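Comments concern the structure below.
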Amino acid sequence: MSAISVRNVWVEFGDQVVIENLNLEIASGSFVSVVGPSGCGKSTFLRMVLGQDRPTRGALLLDGRPLRDEPDADRGVVFQRYSVFPHMTVLANVVAGYEFAQSPLLGRLFGRAKRQAVEKAEELIEAVGLAAHRHKYPLALSGGMQQRLAIAQALAKDPKILLLDEPFGALDPGTRAQMHALLKPLWARLGMTVIMVTHDLREAFGLGTRVVAFDKVRHDPQAPGRFGARVTYDLDLTREGPVPVLGFQKPPAPQPLVASD
Amino acid sequence: MRRAMNVRPAAGARILLAIIPFLLIAVVYVLGSAERRAANPNDKLLPPVSEMVQTTTRMATEPDRRTGEITMVADTVSSLQRLALGLGIATLTGLTLGIALGILPAFNAAGGSLVAVISMVPPMAILPILFIIFGLGELSKVALIVIGVAPPIVRDIAMTVQAIPVEQLVKAQTLGASTWQTVLRVALPQALPRLIEVVRLQIGPAFLFLIAAEAIAADSGLGYRIFLVRRYLAMDVILPYVAWITLLAFLMDWALAKLARSAFPWAYAEERR
Ligand SMILES: Nc1ncnc2c1ncn2[C@@H]1O[C@H](COP(=O)(O)OP(=O)(O)O)[C@@H](O)[C@H]1O
Ligand SMILES: [Mg+2]
């Protein structure tokens, strides 16, 4: 289970209010797309759920208990950039997740433990279609391949929550479609709660079971930092059929690329 | 005609271009030396190459009558020992402190400004203090190199670690890494290529401090010899010694550059040729 509750959360940087009085109940296993204009606080919200930033006021709960206020293995993340370690090969990037858990002193595994970790990592790398590139360094990969690696890496720890901050924003439309076809079945199979920030409405509606829009509703021309963003739309997409508000048609669920085990 | 910045010499031309300036200097020296000898057969300033070769051969092969050691070998060994110790200690200090400053905000708050101030102390100004505290032996020479060379390494490594995108540190934590594991697997490996670059840049200053310390108080060493024979205007010793020191420094620099590129291929993938 991994339900997230956001209760009366405010985020302020100095005298700039970024998020004001946010309340959200996110059901376990849902896929929430977060949309909104740039600079309205979407990444800030995500960093808060991640534990990287702390709310100024209010509380965040995971299954009713306060979220740990620093990042941990319960919450995986894929950023838009800099998500993978440039000094590790594709394989090492994924294996690292297992090594941290099993080798507190060296952060490295050897012998049989290493072979088992490599086996698990190779399965994930295969699932994101990078098997042929497993000995390359990230710099030698295209943007789309780096993001696939970041997804494989985030999934290695089997997180309860997966946070994606414009993960496909820098990709061309074709690669982006491939990434959607990759992500959706993975999410369906693993059943974690996903929160994805995106600028692409088609992506938001195509992948999400729920779309939340952030925006500033009040503006003070004298003090632009006085008011923060609130939730302006909150759409449940789990019902079948067209979404009336924006006229988007929910595309049929893509066939899984990966055979589920 | 292409712009000057777009003209790239081919591989062969590149070697030729690299050799030409050295040849020019050699020719200028030989001509100058011959000219001065012609004017004054006792000239000491620009000894002919043959004389320097003779002196160098003697110093590099024949044992000294008084000490029984081959002078140049003994000098080189004691200088390199001091240099290696000094640079080694400075490198380790720089790496440890630099990473700690770069990754621990509390440690940075406590030690950051102290390091910034210490790195402004002119090392030569405290050389007398080192002689007073550590005596005239090896320790004060090594200490001078460490004090002169460690602060820039500390600061550079701290900045390198701070420049690691915060996303990577967060990523490591979401993979379950502790602070120690993050240092070991994320910060350290990304600091190492830069460490080698910084140490390369510090070879020059390290030699400077070594020779300065040897000039003042030593009984062997490359710097000691140069300053000893200065009294007799023995340019036939000084010039080969300077060339030898330069060659040693150049070889260290070259070896470190090679090491960095073979050990950390990922760090040089985008290097401009
Ligand atoms: N660490 C910070 N310090 C000060 N202001 C910040 C910080 N992080 C974000 N902000 C501000 O918060 C606002 C929201 O930023 P962000 O969450 O990145 O927006 P979005 O992801 O929706 O584009 C911006 O105005 C930004 O300037
Ligand atoms: Mg953002």
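Just so we're clear, the structure is a prediction, and the values are computed from it rather than from any experiment. So that the names make sense, note that chain A is the first sequence line, chain B the second, and so on, each numbered from 1. Values below: every heavy atom of this structure, side chains too, minus hydrogens, waters and symmetry copies.
The side-chain hydrogen bond (donor to acceptor under 3.5 Å, both in side chains) check on A:Ser5 picks up A:Glu25, with sequence neighbours excluded.
Both the backbone and the side chain of A:Ala154 come within less than 4.5 Å of a heavy atom of chain B. Within the 4.5 angstrom heavy-atom criterion, no atom of A:Leu163 approaches chain B. For A:Tyr137, the part sitting under 4.5 Å from any heavy atom of chain B is the side chain, from C-beta outward, and nothing else. The contact between A:Ser103 and chain B is made entirely by backbone atoms, counting heavy-atom distances below 4.5 Å. Contact annotation for A:Arg81: only backbone heavy atoms (N, CA, C, O) come within less than 4.5 Å of a heavy atom of chain B. Contacts of A:Tyr82 with chain B are made by both backbone and side-chain atoms, with heavy-atom separations under 4.5 Å. For chain A, the nearby part of B:Pro265 is the side chain; its heavy atoms alone come within less than 4.5 Å.
In this structure, the ring of A:Phe168 has its center less than 6.0 angstrom from the ring center of A:His180.
At a cut-off of 3.5 Å, with distance as the only test, a side-chain donor of B:Gln190 or B:Gln168 sits close to an acceptor on the other residue.
Looking only at distances, no side-chain donor or acceptor of A:Thr193 sits under 3.5 Å from a matching main-chain atom of A:Ile161. Side-chain atoms of A:Glu166 never come within 3.5 Å of backbone atoms of A:Gln80 as a donor-acceptor pair (strictly under, hydrogens ignored).
Among A:Leu139, A:Leu50, A:Asp72, the residue making the largest number of heavy-atom pairs under 4.5 Å with chain B is A:Asp72. Counting heavy-atom pairs closer than 4.5 Å to chain A, the top-ranked of the candidates B:Ala177, B:Gly176, B:Ser178 is B:Ala177.
Across all their heavy atoms, A:Val9 and A:Ile19 have their closest contact at O-CG2, 3.9 Å.
The aromatic rings of B:Trp266 and B:Phe264 sit perpendicular, their planes meeting at an angle over 60°, well past the 30° parallel limit.
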